[in-house]
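Structure first, commentary second.
Numbers here simply count residues along the sequence, with the first being 1.
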Amino acid sequence: MADRANGNIIQLEDGWNNEIKKRAIDKLEQTLDNGFDTAFEPKEYIRIYTTCYDMCTQRSPYNWSRDLYQRHGETIEQYLQNTVLPALNDKSGQGGTILLNELKHRWTNHQIMNKWLKKFFTYLDRYYVKHHSLPTLEQAGLRHFKDVVYENVKEQATGAIISLINEERDGEIIEKSLVKSIVELYENMGLGGASLESYTNDLEQPLLDATRAYYARKREDWIAKDSTPDYLIKVEKALAEEKARVTEYLNPASEPKIRRVVEDEILQKVQMNLLEKEGSGCRVLLANDKSEDLQRMFHLFSRLDNGLQPMASIVESFITSMGNACVEKRQAKLDGGEKEKNDDPEFVKSLIDLHEKYLGVIRETFSGHHLFQKALKNSFEVVVNQDVGQYSNAELMSTFCDRVLKSGGEKLNDSEVEESLDRIVQLFSFLTDKDLFADIYRNQLAKRLLNQRSSSDDAEKLMIAKLKVQCGTQFTSKMEGMLNDLAVGNDQKSEFDARMEQHDTKLSFSVQVLTTGFWPTYKTPEVSLPANMTKCLEIFTEWHDAKHQKRKLSWVHSLGNATVKSIFGKKSYDLQVTTLQAVVLNTFNDGKTFDFNELKKILNLNDITLKPLMHSLSCGKYKVITKTPANNKINSTDSFTANAKFSSNMRKIRIPMASLDPSHNKNRVEEDRSWAIEAAIVRIMKARKTLKHQELIAEVLSQLSFFRPQPRDIKKRIEALIDRDYLERSAENSDMYNYLA
């Protein structure tokens, strides 16, 4: 080599042939061909690098940078053409794995060659390439490999990779490191940058097509022979394996694409087949409580766009059918001749248990997903509002609450009471006629409170609090007022008791004052009271009027109760009766006999009130009055006398009487609804001023939460408001309403 230090110029051919090619390139090619590790001693490397450096830094016309850059590319290209490509062509017909191993070997060698040539020609990269905006030596080396080798073998390599992947899918063991190495080759054919164009076009897309074809075959095989749970287990396994496959040797960008292809082929295309498959579909799994299989179904179909809606629809249909079965069972009992009552705890419990069960399924199996919550809500809105027989579900549910809350009803401890109330309120939330429930519940609450039949004041308050959370303050204000009346009454009782001690009435007498607006409306028969009872009323009226001058008292004897000390033969009894029953019993002192019409005159009562009174005393379990003729029906021709032969093992006897008031007043409920509809219409029109008929109907329906009126009822209330000059029809459009201030 010429000595630059002595001013000698290195000629191109001399420097290339005698130094660079001879000492670097030939040795590098020989070492790669023989399979040895390529290693240049430091002195050798420094000598070659210095030669390249000197040849690139000589003054023009002896600066050989351009020539060396060109010969660098020619060297790589010749080696690839003359050595690498023939070797690969020899392996192409010997099987995919053999070709891939050779390709891996040649790619590894090329990376070694590229690395050393880059080291030798570093100065080219640093200055010449940079100043002339040329591809770097590494990029140039990759480009040559791509043009000469990759473009010629990519189809065979891709086919070999796909074949290996399909073998692994079928359970065979493959050399994953080999596939990973070839995948890295595809990634590098983006020419060193972040581009995955070659990988995407040449490997990923064919792989996606092959994956679709593979799973299409599997789908047809599985769907024909497997049950839905078994099919979904295979789907779950396939998806997990595909994800692991990407992690092990494919580019991460392929994972969502492969997943979508697999999901489309083995889930999306057979979704309804799987959900409705006879003997193992979604309905069958629900019926057999297969929570694990349902959970798997939920998680797999949640992967699909809108994949849960068909499943939620089936769940809704199934729960509705289960609820309808409860309703049909009640209907069958009534059709079978069972006496109809407003108390059917078995039916209400069946609905509560059904709701509790599938609420748990939706929370645990379906992760509380909103579509399934909506399905549960829709199904129970259908079932709960499906009335059977004379009594509505609202009344049955209210009576169930009454059983839980009154003494002598359900035998429950405090935690069981709270749990029962929680469940019935959940069921109540689906009820359309919430206002009807409120009216019935208020009547039953009044009876519990006034007859001291409530098992716990705390439980009563708890139930009202739960209804308040569900429906708001307006819904429970009257119920809260009733409890408040009793609390205030207890405070005033001691004061009145002190006043009573000043009078010798021979009766233990107390009064409960109720606020008319809070309590239900009751019948107030003007019964003729005995003198001592009348005296007590007068004392209380005088005391009350002195304390509350602006309040007016109205006596409701039908709600009062009394304990009557009675003697039949040699035994005495304490009869626990209503005030009206006590007045009747007092009439029969001294063994007198009266016919029905005489009693009417003496007591100043009409037939409607007197008949249930006499029935309770002469036809019930405890016949303290003897009726002639002896039968279970009260007629105006009957006569009555005290039963001298009456006897009982109990000293305290409670004689129940049928209520004179219905459980609720349908006319009052309808009247309240009319006012609520009109109030909603006025609120809406006051805010909007002008509105079309259908829009007004829709707005009213959206505002009324305690009941759902029929559109015709809303139309009637609109007409009534037009008659009363709250609204008017538009002169230009009869379908439009204007608000009149």
Exercise for review: State whether E242 and R169 are salt-bridged, where the test is any N-O pair (Lys NZ or Arg NE/NH1/NH2 against Asp/Glu carboxylate O) under 4.0 Å.
Suggested key: yes

Review point. Got L178 and T97 here, is their nearest side-chain heavy-atom distance under 4.5 Å?
Key: yes

Check your understanding: Taking only residues two or more places apart in sequence, or in another chain, which ones meet K130 in a side chain to side chain donor-acceptor pair (under 3.5 Å)?
Key -> none

Practice item. Answer yes or no: is there a donor N or O on one side and an acceptor on the other, between the side chain of S163 and the main chain of A160, under 3.5 Å? Key: no

Check your understanding: Is there side-chain contact between T365 and F372, with heavy atoms separated by less than 4.5 Å?
Key -> no

**Study point:** Step-by-step side chain to side chain contact (heavy atoms under 4.5 Å, CB included) determination, Q268 to D305
**Key:** CA-CA 9 Å; Q268 186 81 59; D305 292 337; 5.5 Å; no

Review point. Would one find more than 12 heavy atoms of other residues, nucleotides or ligands at under 6.0 Å from atom NZ of K234?
Key: yes

Practice item. Report the distance from atom CE of M736 to atom CG of L696, rounding to the nearest 0.5 Å. Key: 11.5 Å

**Study point:** T108 side-chain N/O to K104 backbone N/O, donor-acceptor pair under 3.5 Å
**Key:** yes

Revision key, fill the gap. Across all chains, not counting sequence neighbours, the ring-ring contact (aromatic ring centres under 6.0 Å, His included) partners of H131 are none

Review point. Only one of Q694, R688, R683 clears side-chain hydrogen bond (donor to acceptor under 3.5 Å, both in side chains) with E699; which?
Key: R688

Review point. Considering only heavy atoms from C-beta outward, does the side chain of L308 approach that of F366 to under 4.5 Å?
Key: no

Practice item. Check whether any side-chain N or O of K91 sits under 3.5 Å from a backbone N or O of N101 as a donor-acceptor pair, and report yes or no. Key: no

Practice item. Examine the side chains of Q81 and E77 and answer whether a donor and an acceptor come within less than 3.5 Å of each other. Key: no

Point to revise | Other residues, nucleotides, ligands: >12 heavy atoms within 6.0 Å of E197 CD | key: no

Review point. Would you say the side-chain atoms of D170 and Y214 include a donor-acceptor pair closer than 3.5 Å?
Key: yes

Check your understanding: Say you draw a straight line from NZ of K154 to CG of L185; how long is it, rounded to the nearest 0.5 Å?
Key -> 11.5 Å

Review point. Counting heavy atoms not belonging to K689, are there more than 12 under 6.0 Å from its NZ?
Key: yes

Exercise for review: Please list, chain by chain and in numerical order, all residues satisfying ring-ring contact (aromatic ring centres under 6.0 Å, His included) with Y127, sequence neighbours excluded.
Suggested key: Y123

Check your understanding: Any donor and acceptor pair, going by atom type alone, linking the side chain of Q271 with main-chain N or O of G307 inside 3.5 Å?
Key -> yes

**Study point:** salt_bridge(R217, E220) N-O dist < 4.0 Å
**Key:** no

Check your understanding: Is there side-chain contact between N114 and F145, with heavy atoms separated by less than 4.5 Å?
Key -> no

Point to revise | Pairwise distance OG(S291) to CD(E364) - rounded to 0.5 angstrom | key: 8.5 Å

Donor-acceptor pairs are to be reported for all side-chain atoms of residues 251-258 against protein atoms at under 3.5 Å, with residues two or more places apart or in another chain.
{"residue": "N251", "atom": "OD1", "partner": "A253", "partner atom": "N", "Å": "2.9"}
{"residue": "N251", "atom": "ND2", "partner": "E187", "partner atom": "OE2", "Å": "2.8"}
{"residue": "S254", "atom": "OG", "partner": "Y199", "partner atom": "OH", "Å": "2.6"}
{"residue": "S254", "atom": "OG", "partner": "E204", "partner atom": "OE2", "Å": "2.6"}
{"residue": "E255", "atom": "OE1", "partner": "R259", "partner atom": "NH1", "Å": "2.8"}
{"residue": "E255", "atom": "OE2", "partner": "R259", "partner atom": "NH1", "Å": "3.2"}
{"residue": "K257", "atom": "NZ", "partner": "E204", "partner atom": "OE1", "Å": "2.7"}

**Study point:** Pairwise side-chain contact, R708 with L701, heavy-atom cut-off 4.5 Å (strictly under)
**Key:** yes

Check your understanding: Is the shortest heavy-atom distance from the side chain of L376 to the side chain of V315 under 4.5 Å?
Key -> no

Check your understanding: Does NZ in K118 sit with more than 12 non-hydrogen atoms of other residues, nucleotides or ligands closer than 6.0 Å?
Key -> no

**Study point:** Ion pair K225/D230, N-O distance below 4.0 Å
**Key:** no

Revision key, fill the gap. Residues P135 and A140: closest non-hydrogen pair is CB-N, 4.4 Å

Check your understanding: Is it true that the side chains of H105 and N109 contain a donor and an acceptor less than 3.5 Å apart?
Key -> yes

**Study point:** Ion pair check, R296 and D293, cut-off under 4.0 Å
**Key:** yes

Practice item. Determine the interplanar angle of the W64 and Y62 rings, folded into 0 to 90°, and report it as parallel if under 30°, tilted if 30 to 60°, perpendicular if over 60°. Key: perpendicular

Exercise for review: For H369 and L371, indicate whether the former's side chain and the latter's backbone hold a donor-acceptor pair under 3.5 Å.
Suggested key: yes

Point to revise | Any donor-acceptor pair under 3.5 Å from K218 side chain to I266 backbone | key: no

Point to revise | H355: ring-ring contact (aromatic ring centres under 6.0 Å, His included) partners, not counting sequence neighbours | key: F380, F430

Review point. Just by modelled atom types, is the R219 backbone N or O under 3.5 Å from a matching donor or acceptor in the E265 side chain?
Key: no

Study note, to complete from the structure: Shortest non-hydrogen pair, C56 vs N63, comes out as O-ND2, 2.7 Å

Check your understanding: Can you find a side-chain donor-acceptor pair between Q426 and D422 that sits under 3.5 Å?
Key -> no

Review point. Do the ring planes of W222 and Y231 sit parallel (below 30°), tilted (30 to 60°) or perpendicular (above 60°)?
Key: perpendicular

Check your understanding: For L427 and I352, which heavy atoms make the closest approach, and how far apart are they?
Key -> CD2-CG1, 3.8 Å

Exercise for review: Keeping the roles fixed (side chain from T158, backbone from E155), state whether a donor-acceptor pair exists under 3.5 Å.
Suggested key: no

**Study point:** Side chain Y215, main chain D264, donor-acceptor under 3.5 Å
**Key:** no

Check your understanding: Could you give the distance from OG (S367) to CZ (F298), rounded to the nearest 0.5 Å?
Key -> 4.5 Å

Check your understanding: Any sub-3.5 Å donor-acceptor pair from Q373's side-chain atoms to G368's backbone N or O?
Key -> yes

Practice item. Using a 4.5 Å cut-off on heavy atoms from C-beta on, say whether the side chain of E184 contacts that of Q111. Key: no

Check your understanding: Do you know which two heavy atoms are closest between M311 and F301, and how far apart they sit?
Key -> SD-CD1, 4.4 Å

Practice item. May I ask you to check if K119 and W116 form a cation-pi contact, with NZ or CZ under 6.0 angstrom from the six-membered ring centre and within 45° of the axis? Key: yes

Exercise for review: Determine, stepwise, if the pair E263 / K243 fulfils salt bridge (charged side-chain N to carboxylate O under 4.0 Å, His left out).
Suggested key: CA-CA 12 Å; E263 289 170 351; K243 184 175 182 179; over 6 Å; no

Check your understanding: Do the side chains of Y249 and I165 get nearer than 4.5 Å, heavy atoms only?
Key -> yes

Study note, to complete from the structure: Of all heavy-atom pairs linking M189 and S198, the shortest is O-OG, 3.2 Å

Revision key, fill the gap. Applying side chain to side chain donor-acceptor pair (under 3.5 Å) to N306 and not counting sequence neighbours gives none

**Study point:** Heavy-atom closest contact (E102 atom, L88 atom, distance)
**Key:** CG-CD2, 3.6 Å

